[in-house]
Every structure is written in structure tokens, then in C-alpha cells.
Amino acid sequence: MKKLYTLSVIYLLLPYLIFLLTWLKPEIGILFFTITVIGLIFNHNIYVKNILTDKIKFDKKDHFYILLISAFLCFFTGVEGTIPQVGDYWAHNSKLYTLYSYKWPIIPPEVDTFLCYYWGTFLVPALLSKFSNEFLPLYSTLWTFIGCYLCIYWFYINLNKKGYLLIVFLCLGGLSGYVIYFFGDPETNFLFGILLNANYLQLLIVPNQFIPTFLIAGIFIYVVANKCNLCILMVPICSCFFWAVFPTLFLCFIYTLTVLYSIFFQNQKLSYKILFFHILVSSSFIPLVFYYQSSSSAGNLSFVFSTILRLKTLKDTYQYFIMESLIFFICFFLLKRSASSKISWYFILILFFASFSFSLFKSGKNNDLFLRTSMATYIFFSYAIVHLIAENFKLFFKNPTYFIIPILIVHLYYFWGHIKQNVTVVITQNISKNNKLIDKTPYNLYPNIYQTLKNKYSDDEARQYLGNKNSIFYKFMMKKD
């Protein structure tokens, strides 16, 4: 587990380390690079080295299974373009090409200010293309595959190396989506159902945010289930901040609540060493806080009851949240009566409280705050349900075929309905001026991400990527040629 944990931290932290050395003034970048490395050394010597063990053994069959599922997930993201890429790939592909073709930090000439975004998914592939002096999307595919591989590795362990449980887990997610799909309005469910249902379907829309969230959730579940020291979660969660802002804030909130519970109800001692470690790791990400604060969309947060479209917002948000919570609690209660679970009630209640707290606020065009933070919630909920189903299943059947086939049949019917809708949307967006279908979503149809958003989305969405030249980051921290 030490090696897997170390590789996961390197994967998550590497883009931020590159950011420190390429976007900031040299003296500031080197300072915080050093602080980050000291935090890593402290984390390894105090927590990882003495807590995590490598007792789990894998044979060739296990590695082959993990590789196979990881390759499928990587293919399913559409990152390599062999399957239709959804609308967000106009932005994803353009971000990658913009990072490759511009100096860092990126300052498009048409706006005369810098771009501000969480570049975690795209920075390493873009840097490799720069080293190659040629734009190669293959690097993005490889980087995505590594992320999928690490995610599947963690959950394969968390599910006791049961391949069929892993498949069922990936097919689950927001259980309410199935209810609404079969008995509700399919058009309403298209926007929310595909985002709140089936964990791997998240990869269709936001692989750049789902993969790091998926990876952190896998580490989080392992630590909670095996009663490891919670402090080893601090570095990977903070590292996720450069990949996905909203999920990271949500995971930090869950982490804080879990630590407080362990202190007040499980007699966990709060030492000066623990406080110093948290301060050290947190301080290493100060530049990123100022970077995000410089965004023109910073502060775009409102109380959900005070928004102009509050009735629609409340309906969209709480229709799914309430239904999801009821379905989950009923399932969890019934299943936990006859089997033990690695996930205890206190952690489930923490998840529910955190999800409810974040649902009270709105940010983004389609309330991205709620949609993105929900990803982590549904991953945790899905794991808890699948693990309990497996424990109960042992009481009645020995052959897992009876367990997995009905779930897959129901899911495939649901999945096919969404795919038909999704492909229709992709075809509509990719029709060129001469009415010919574009085979793949282009990378360089527009010179940069600002122009892509302006032409394919809206002026407002394009402006969200612009930084403020009056910000602390621009005036005192950003590198200028």
C-alpha cells in the first residue's frame, strides 16, 4: 500500500509542482516548492512509513483485471477520440492545445490578462508535448490511463479483490437517477441523471474532475475502513485542489468533520506535531488560493434560496438530493441489519450533513457546486451499498453470476438511453459549415480556450477564465516576461 499511496500522491501533486516552477516568480515558486517537498517528507516519515503496510498480495490475474478495466475507462472517457466526445470536450481539447501553444502563464493577446483555471489534468500532457516540440494528444491518453489505473487499483483493494463487485460499483452512483429515468421525465433526467448516476458515466462529462475525486475517494475509504491515521489523507486531498476545486473543498470538509469526530468521540489525541503537519501542508498551497482568488468568477457564490431562479434551482437540487438520501438510507438500514460494514453510521451521517450543507449554495451555470461535490458523495454511497450487498449476498448465494447479471441488464437499458441522447447532442455540435460531420472534436479550431468558449459556449463562460490584473497574485506572485 505504501507504493500505491506514493504513486497516487505523485500523480496528484506533480501538476501543482510544475505550476509552482513555471507560473510564479522564481523566488516565490522555489520557496513554496521547498515547503511542499518538506511536507511530503514529513508525511512519509511520520505517517506513511509507520502506518501503511504492503500486506495485500496480487497475482497476474489481478493485475490483468485492473489493467483491463482501467483501459476500458480510459477509452470510455473519449480522451483519445475513438468514441464520440461530449460537448465539454470542445473546452477540454482546447485547454490542452492552449497550454501547449502558449507560454506559461497564459496571456491571450485579445484580452491582455492571464487565464485562471484548474489545469491539473492538462498540465503534464501539455508539458510533454512542449518537450517533444509537437502537439501529441497521446500524452493526454496515457496520463488519463494512469489516473484510471490508480483509481481502479484502490477500489479493487477496497472491494476485497472481487472483480464482479468492482463492475457493479462502477455501474452504480446516484440511485435516484434510475427511478426518475424509468418513471419520470427522460429530458429532465438527461442533465442531472447522467451526472448523478453510474460512477463511470461521470467520465463522459468531466473526466478532468472525476478522476482525481475518484482517486481521493478510494484512498479515503481505505483509510476509514482500515482505521488508519487520518493524517495521511491531508496531502492527497490538498493535491487535488489544482485538479478540481469544488470536490476538493467538499472532501476537505468531510475530512475536517471526520477528524473532529475522532478527537471528540474516539479519544484521538491532538498533538502539536499533528497541528504543525496540517499547517505545513496547508501553507504549501497558499499560491493556489491567491491564484483562484484572482479569477473573475471568484466570489460567484450565492445562497440557494436567494437566487433569481430559486424555484427551479430548489427543484433541481432537492428533488435529487431528497430522493437519493431516502433511497440510500433505506437500503443502508435494511442491508446493515443482517451484515457488517466497513463504513460506519457516523461516516454516513457526516457525508449526509456535508452534502446537505453544500446543497444550500449555488455556483456555476447549472449549479456546478452541487453537481461536482455530489460526485464524491455518490462514490462513497455506492461503495457502502455494494459492500453491504456483497456481505448479504454471501448468506444466500455462492455464485456471483446471480448477483451481477440482473444489475447489468437493468443498467445497460438505462445506459443505452443516455448514450442515444448523448450521441445526438455530439453530432449536432460537430456539424461543420459545409454540413459534414466532424469525426473528432478539434483541438485547434480556435487559437485558445478563451476563443473556444466565446464561440462555442458564451461570452460569460469565456470571461470566467480571465484573471484580474489588480489581484495579489498578478501584482506580487505571477511570473512576467
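Distance alone, capped at 3.5 Å, places no donor-acceptor pair between the Lys2 side chain and the His44 backbone. Proximity of a side-chain donor or acceptor of Trp243 to a complementary backbone N or O of Leu12 within less than 3.5 Å is detected. Judged by distance alone, the side chain of Ser295 and the main-chain N or O of Gly467 form no donor-acceptor pair under 3.5 Å.
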- Task: Determine, stepwise, if the pair Asn158 / Tyr383 fulfils side-chain hydrogen bond (donor to acceptor under 3.5 Å, both in side chains).
- Result: CA-CA 9 Å; Asn158 289 332; Tyr383 171 80; 5.3 Å; no

- Query: Does the pair Ile211 and Cys151 meet the rule for a side-chain contact (heavy atoms from CB on, under 4.5 Å), with working shown?
  - Reply: CA-CA 7 Å; Ile211 289 175; Cys151 293; 4.2 Å; yes

- Would you please test Tyr97 and Tyr446 for ring pair (Phe, Tyr, Trp, His ring centres under 6.0 Å) and show each step? CA-CA 10 Å; Tyr97 186 78; Tyr446 302 99; over 10 Å; no

- Task: Might you work through the side-chain contact (heavy atoms from CB on, under 4.5 Å) test for Val124 and Leu127, ending with a clear yes or no?
- Result: CA-CA 5 Å; Val124 172; Leu127 183 62; 5.7 Å; no

- Message: Using the rule given for ring pair (Phe, Tyr, Trp, His ring centres under 6.0 Å), can you reason through Tyr139 versus Tyr100, listing the C-alpha separation, both sets of side-chain angles and the distance that settles it, and then say yes or no?
- Response: CA-CA 12 Å; Tyr139 290 133; Tyr100 162 73; over 10 Å; no

- Derivation and outcome, side-chain contact (heavy atoms from CB on, under 4.5 Å), residues Ile348 and Phe352: CA-CA 6 Å; Ile348 296 300; Phe352 178 78; 5.6 Å; no

- Task: Kindly indicate, with the supporting measurements, whether the criterion side-chain contact (heavy atoms from CB on, under 4.5 Å) is fulfilled by Asn448 and Glu110.
- Result: CA-CA 10 Å; Asn448 53 59; Glu110 62 268 29; 2.9 Å; yes

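A side chain to side chain contact (heavy atoms under 4.5 Å, CB included) with Leu257 is found for exactly one of Leu349, Ile350, Leu351, namely Ile350. With Tyr118 as the fixed residue, the side chain to side chain contact (heavy atoms under 4.5 Å, CB included) test singles out one of Asn208, Leu123, Thr248, Leu288: Asn208.
Heavy-atom minimum distance, Cys148 versus Ser70: O-OG, 3.7 Å. Minimum heavy-atom separation, Thr141 to Cys74: O-SG, 3.5 Å. Nearest approach of Ile219 to Pro236, heavy atoms of both residues: CD1-CB, 4.2 Å. Nearest heavy atoms, Phe380 versus Ala217: CE2-O, 3.9 Å. A pairwise comparison of heavy atoms in Gly120 and Pro15 identifies O-CG, 3.3 Å as the closest pair. Looking at every heavy atom in both residues, Phe169 comes nearest to Ile379 through CE1-O, 3.5 Å.
For the 3.5 Å distance criterion, the side chains of Asn468 and Gln293 fail to qualify, holding no donor opposite an acceptor. For the residue pair Lys95 / Tyr117, a side-chain donor-acceptor distance below 3.5 Å is found, with atom types taken as modelled. Checking Tyr5 against Asn43 by side-chain atom types alone, a donor-acceptor pair falls below 3.5 Å.
Here the side chains of Phe473 and Leu24 are in contact, with some heavy-atom distance below 4.5 Å. Side-chain contact check for Pro125 versus Leu128: every heavy-atom pair is 4.5 Å or farther apart. Using a 4.5 Å cut-off on side-chain heavy atoms (C-beta onward), Cys231 and His278 make contact. In this structure, the side chains of Met375 and Phe246 stay at 4.5 Å or more apart for every pair of heavy atoms. Proximity of Thr258 to Tyr261: side-chain heavy atoms (C-beta onward) are nowhere separated by under 4.5 Å. Between Tyr65 and Tyr156, some side-chain heavy-atom pair lies under the 4.5 Å cut-off. Between Leu99 and Lys130, every side-chain heavy-atom pair lies at or beyond the 4.5 Å cut-off. Residues Thr452 and Leu445 fail the side-chain proximity criterion, which asks for heavy atoms closer than 4.5 Å.
The number of heavy atoms from other shown groups lying within 6.0 Å of NZ (Lys480) is above 12. Summarising the local packing, CZ of Phe353 is surrounded by 12 or fewer heavy atoms from other residues, nucleotides or ligands at distances under 6.0 Å.
Judged by a 6.0 Å distance limit and a 45° cone about the ring axis, Lys273 is not positioned over the six-membered ring of Phe42.
Annotation: Trp143 is in aromatic contact with Tyr11 [ring centroid separation under 6.0 Å]. Aromatic ring centres of Phe135 and Tyr443: separated by under 6.0 Å. When ring centroids are compared, Phe241 and Tyr16 stay outside the 6.0 Å threshold. For Phe285 and Phe32, the ring centers sit 6.0 Å or farther from each other. Taking the six-membered ring where the residue is Trp, the centroids of Tyr149 and Tyr153 are separated by under 6.0 Å. Checked against a 6.0 Å centroid threshold, the rings of Phe290 and Phe476 do not count as neighbours. Annotation: Phe214 is in aromatic contact with Phe155 [ring centroid separation under 6.0 Å].
Not counting sequence neighbours, the partners of Phe19 by the ring pair (Phe, Tyr, Trp, His ring centres under 6.0 Å) test are Trp23, Phe242, Tyr291.
For the atom pair Phe361 CZ and Leu369 CG, the distance stands at 8.5 Å (nearest 0.5 Å). Atom-to-atom distance recorded for Lys479:NZ and Thr22:OG1 is 6.0 Å, nearest 0.5 angstrom. The structure places CZ of Phe145 at 9.5 Å from CG of Leu150, a figure rounded to the nearest 0.5 Å. Atom NE2 of His92 is separated from atom OG1 of Thr144 by 10.0 Å, given to the nearest 0.5 angstrom. Taken from NZ in Lys454 to CD in Glu461, the straight-line distance is 12.5 Å, to the nearest 0.5 Å. Of the inter-residue distances, the one linking Thr113 atom OG1 with Ile106 atom CD1 reads 12.0 Å to the nearest 0.5 angstrom.
Taking the six-membered ring where tryptophan is involved, the planes of Phe358 and Phe253 are tilted, since the angle between them lies from 30° to 60°.
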